[in-house]
S.K.: 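Dropping a structure here in C-alpha cells format, bear with me for questions.
No experiment lies behind these values; they were computed from the predicted model shown. Protein chains get the first letters and strands the later ones, always in sequence-line order, with residue 1 at the start of each.
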Protein chains: 2
Amino acid sequence: MDVSVTDTPMDQLAEALGAEMEAVNALIRERMASRHAPRIPEVTAHLVEAGGKRLRPMLTLAAARLCGYGGPYHVHLAATVEFIHTATLLHDDVVDESSQRRGRPTANLLWDNKSSVLVGDYLLARAFQLMTETGVMRVLEILSNASAVISEGEVLQLTAARDLSTDEDIYLQVIRGKTAALFSAATEVGAVIAGAPPERVQALFDYGDALGIAFQIADDLLDYGGTTAAIGKNTGDDFRERKLTLPVIKAIALATPEERSFWQRTIERGDQQEGDLAKALEIMARHGTLAASRDDALHWADRARQALKPLPDHPLRPILSDLADFVVARLS
Amino acid sequence: MDVSVTDTPMDQLAEALGAEMEAVNALIRERMASRHAPRIPEVTAHLVEAGGKRLRPMLTLAAARLCGYGGPYHVHLAATVEFIHTATLLHDDVVDESSQRRGRPTANLLWDNKSSVLVGDYLLARAFQLMTETGVMRVLEILSNASAVISEGEVLQLTAARDLSTDEDIYLQVIRGKTAALFSAATEVGAVIAGAPPERVQALFDYGDALGIAFQIADDLLDYGGTTAAIGKNTGDDFRERKLTLPVIKAIALATPEERSFWQRTIERGDQQEGDLAKALEIMARHGTLAASRDDALHWADRARQALKPLPDHPLRPILSDLADFVVARLS
C-alpha cells in the first residue's frame with residue numbers, strides 16, 4: 001500500500017482497496033443494468049456514478065481484509081451495501097421532496113416519483129440477489145435485519161418530525177436506523193464473510209455503529225453550518241423541513257418560554273418567516289447546543305476508535321481509526 | 001377436508017388450508033408490528049387486514065402440501081409472499097395516485113406518500129427476514145429474483161405507458177413482471193421447501209406463471225367491464241390513466257387511420273373528453289378485442305390446468321385446477 005500521509009483517510013482507504021473497489025464498481029454497473037427496462041440504469045447511473053464517496057462499500061471491504069478474508073464475496077457484499085444505500089436515497093428523494101443531493105438535481109426532478117420508487121425497489125431486489133449469491137445465511141440475516149431497522153428508523157423520523165417532545169433518545173434511535181444500521185451491517189458482514197471470531201465481529205459492528213452515529217450527528221450539525229453558526233448557501237434545509245435534529249432538540253430542552261413559542265411556531269406549525277433561521281442559530285449559539293452536539297459527535301468518534309482495539313494489527317486499522325476522526329473533523 | 005361442492009375454488013382452498021392460513025395470519029400480524037415505529041402497523045393493518053383474498057399465500061401453502069411437505073416453513077414463505085404483495089400495493093399507491101383499492105381509500109390518502117414508501121420498504125425487509133429464517137438458499141434465490149422481475153415489470157410498464165408502439169409481447173412481459181412473477185414464485189417456493197423433484201417444481205412454477213397471466217388479463221379486461229362493453233361505476237380507470245392493456249393494444253393494431261388518431265389523442269396525448277371511454281369501448285367491441293382478450297385469458301387458464309398434470313394425485317389438485325377456471329370465470 002503506497003499511501004501518502006497527507007491524504008485523507010478516505011483517500012487512503014480508496015488507495016488501499018483500489019483493485020477491489022474497481023471490482024465493486026464493475027459489479028454495480030453489471031447488476032444495475034436491466035435487459036427489460038432501460039430506464040433503470042438511466043436513473044441509477046445518476047446516483048451510482050455521481051461520484052459518491054463509496055464509504056459504505058469500502059467499510060465492508062476493509063472489514064473483510066482486516067479479518068484476513070481471501071475470498072471473492074466481500075465484493076458482492078460491498079455492492080449489496082451500496083445498492084441498499086442508493087435505494088434509500090431514491091426513496092428518500094420521493095418522500096422528502098428534497099431538491100438537491102450531492103449538488104445535482106435529485107432523481108425525482110429529472111425523472112418522476114414513480115421511477116424513484118420503482119427503481120429503488122429494483123436496487124433492493126438486486127441487493128438481495130447479490131447477498132444470496134454469497135451463500136452465507138448469517139450475512140443474509142444481518143442485512144435483512146439492517147433493512148428493517150433502516151425503514152423503521154425512517155418511519156420513526158416521520159412520526160417524530162415536527163413533534164417538540166422528540167428527545168435525544170428518540171433522535172439516537174432515528175439516526176441509528178437511518179444511518180448507523182447500514183454502517184454497522186457493512187462492517188459486520190465483512191467480518192462474518194471472513195469467518196472472524198465473535199469478538200472481532202462484535203468489534204467491527206461496534207465500530208460501524210459508532211462511526212455511523214458520529215457521521216450523522218456531524219451531518220446534521222453541518223446543516224446548520226457546523227459550529228460557526230454562519231449562514232452558508234446550504235444552511236438550514238433541516239430547519240425549513242422542520243426536522244428535529246440534535247442541536248435543535250438540545251435547544252428546545254433549554255428553551256425559555258419565549259424561545260419555546262419560537263420553536264412551536266417555526267417547527268411545530270411550520271410558520272416560518274425571513275430571519276427565522278438566523279434567530280434559530282442565535283438561540284442555539286446562546287445555549288451552546290451546536291458545540292454540545294459537536295462534543296457528542298466527537299464522543300462517538302472516540303467510541304468508534306476504541307472499538308477497533310480487539311482487532312488484529314493490520315495496515316487498515318490505523319486508517320479506520322483516522323476515519324472516525326475524519327467524519328467529525330468536518331466540524332472544526 | 002369438509003368441502004361443499006358449491007363453494008368457489010377460493011373458498012375450497014381457504015377451507016382446506018384453514019389452520020395453516022390462521023398460522024400465516026398470526027405470523028403476518030406478529031411481523032408487521034414495530035416496537036419503534038407504531039405508525040407501521042397502522043398503515044399495514046389497512047391493507048393486510050382489509051379482507052384481501054390471500055390468494056398468493058394460499059398458493060404457497062397448497063403447493064407445499066401438494067408436494068407432501070410436513071414442516072413449518074411454508075407458513076413463513078406464505079407470509080413472505082403476502083408481505084411482498086402488500087409492499088407492491090403500497091408502492092403502487094404512491095406512484096399511480098389511484099384513489100381506491102378494494103373499495104377503501106388507499107393508504108396514501110389516509111396517510112401520505114412518505115408512509116406508503118417507507119412502510120412498503122419495511123414490509124420488504126420483513127419479507128426478506130422471514131424467508132431467511134427458512135434457511136433454504138434456493139428459496140431466497142427464487143424470491144429475490146422474483147422481486148427484481150416485479151420491479152423491472154413495473155418500470156417497463158412505466159416506459160411502455162402512453163406509447164402506442166407497445167405490443168402484445170411487451171404487454172406479456174409487463175404482466176409477467178407485475179403479476180405472474182409473484183404467483184409463480186409463490187407456487188415454486190412451496191414445491192422447493194417440500195423438497196419436490198425438479199419436474200414438480202417446474203410444474204408448479206408453470207402453473208403459477210400461467211395462472212398469474214390469466215388473472216391479470218382478466219383484471220385488465222374487467223377494467224373495461226369485461227366482455228359486455230357496458231360502462232359500470234369502476235369502468236375505465238386504465239383508460240383514464242392511459243395504460244395500454246391487452247384489449248386496447250389489440251384495438252390499436254387493428255385501427256383505421258381515424259381510430260388511430262383517437263388513440264393518439266386519448267392515450268398518447270391524454271386529451272380525453274366526455275364520451276371518449278364509450279367510444280373506446282365501441283371501437284374495441286367493433287374489432288372484437290374484448291372477446292379476443294378473453295380468449296387469451298382462457299388459453300392461459302387452460303395452460304395453468306395442463307401444467308398440473310405431472311403433480312401427484314391429491315385433493316388439492318382439482319381445486320387448483322378449478323381455480324384456473326375461476327380467475328377467468330369473472331369474465332363471462
Side-chain angles (χ1 to χ4, degrees), chain A residues 31 34-40 43 87-88 91-92 94-97 111-133 135-138 140-141 143-161 170 173-174 176-177, chain B residues 31 34-40 43 87-88 91-92 94-97 111-133 135-138 140-141 143-161 170 173-174 176-177:
Chain A
R31 296 306 175 88
S34 162
R35 199 160 53 89
H36 298 310
R39 178 175 300 191
I40 288 176
V43 174
T88 310
H91 286 185
D92 254 5
V94 173
V95 298
D96 280 353
E97 290 160 15
W111 294 277
D112 49 20
N113 273 353
K114 283 194 180 202
S115 302
S116 292
V117 174
L118 298 177
V119 174
D121 288 351
Y122 179 71
L123 293 184
L124 281 179
R126 288 305 221 179
F128 281 101
Q129 285 179 314
L130 276 166
M131 66 175 98
T132 300
E133 289 171 33
V136 178
M137 224 21 113
R138 180 65 194 133
L140 296 169
E141 277 171 28
L143 286 165
S144 59
N145 292 346
S147 293
V149 172
I150 290 167
S151 42
E152 265 184 306
E154 300 257 11
V155 177
L156 182 63
Q157 181 176 40
L158 214 60
T159 48
I170 296 175
Q173 218 169 288
V174 167
R176 269 220 159 90
Chain B
R31 298 305 176 89
S34 162
R35 198 160 54 90
H36 298 309
R39 177 174 300 190
I40 289 176
V43 174
T88 309
H91 285 185
D92 254 6
V94 173
V95 297
D96 280 352
E97 290 162 14
W111 294 276
D112 49 21
N113 272 354
K114 282 194 180 202
S115 303
S116 293
V117 174
L118 298 177
V119 174
D121 288 350
Y122 180 72
L123 293 184
L124 280 179
R126 288 306 221 179
F128 281 100
Q129 286 179 314
L130 276 166
M131 66 175 99
T132 300
E133 288 171 33
V136 178
M137 224 18 113
R138 180 67 194 134
L140 296 169
E141 277 171 27
L143 286 164
S144 59
N145 291 346
S147 293
V149 173
I150 291 166
S151 42
E152 264 184 307
E154 300 258 12
V155 176
L156 182 64
Q157 182 175 38
L158 213 62
T159 47
I170 295 175
Q173 219 169 287
V174 167
R176 269 220 158 91

S.K.: Out of Leu140(B), Val155(B), Leu156(B), return the one with the most heavy atom pairs under 4.5 angstrom to chain A.
M.R.: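 Option with the top pair count is Val155(B).
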
S.K.: Side chain, backbone, both or neither: which part of Glu152(A) has a non-hydrogen atom closer than 4.5 Å to chain B?
M.R.: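 Contact with chain B is through both the backbone and side chain of Glu152(A).
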
S.K.: Please state whether the side chain, the backbone, both or neither of Gln173(B) comes within less than 4.5 Å of a heavy atom of chain A.
M.R.: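 Interface part for Gln173(B): side chain.
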
S.K.: If you count heavy-atom pairs under 4.5 Å with chain A, which of Ala148(B), Gly177(B), Ala146(B) comes out on top?
M.R.: Ala148(B)

S.K.: About how many Å separate OG of Ser144(A) and CZ of Phe128(A), when rounded to the nearest 0.5 Å?
M.R.: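 Those atoms lie 6.0 Å apart.
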
S.K.: Quick one, Leu130(B) and Arg31(B) - any side-chain contact, counting heavy atoms below 4.5 Å?
M.R.: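 Touching, per the 4.5 Å side-chain cut-off.
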
S.K.: Is the closest side-chain heavy-atom distance between Val117(A) and Glu154(B) below 4.5 Å?
M.R.: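 Side-chain contact under 4.5 Å: no.
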
S.K.: Does Ser115(B) reach the side chain of Leu158(A), with side-chain heavy atoms less than 4.5 Å apart?
M.R.: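 Ser115(B) vs Leu158(A): side chains touch.
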
S.K.: Please classify the contact of Leu124(B) with chain A as side chain, backbone, both or neither, using a heavy-atom distance under 4.5 Å.
M.R.: side chain

S.K.: Classify the ring geometry of His91(B) against His91(A): parallel below 30°, tilted from 30° to 60°, perpendicular beyond 60°.
M.R.: perpendicular

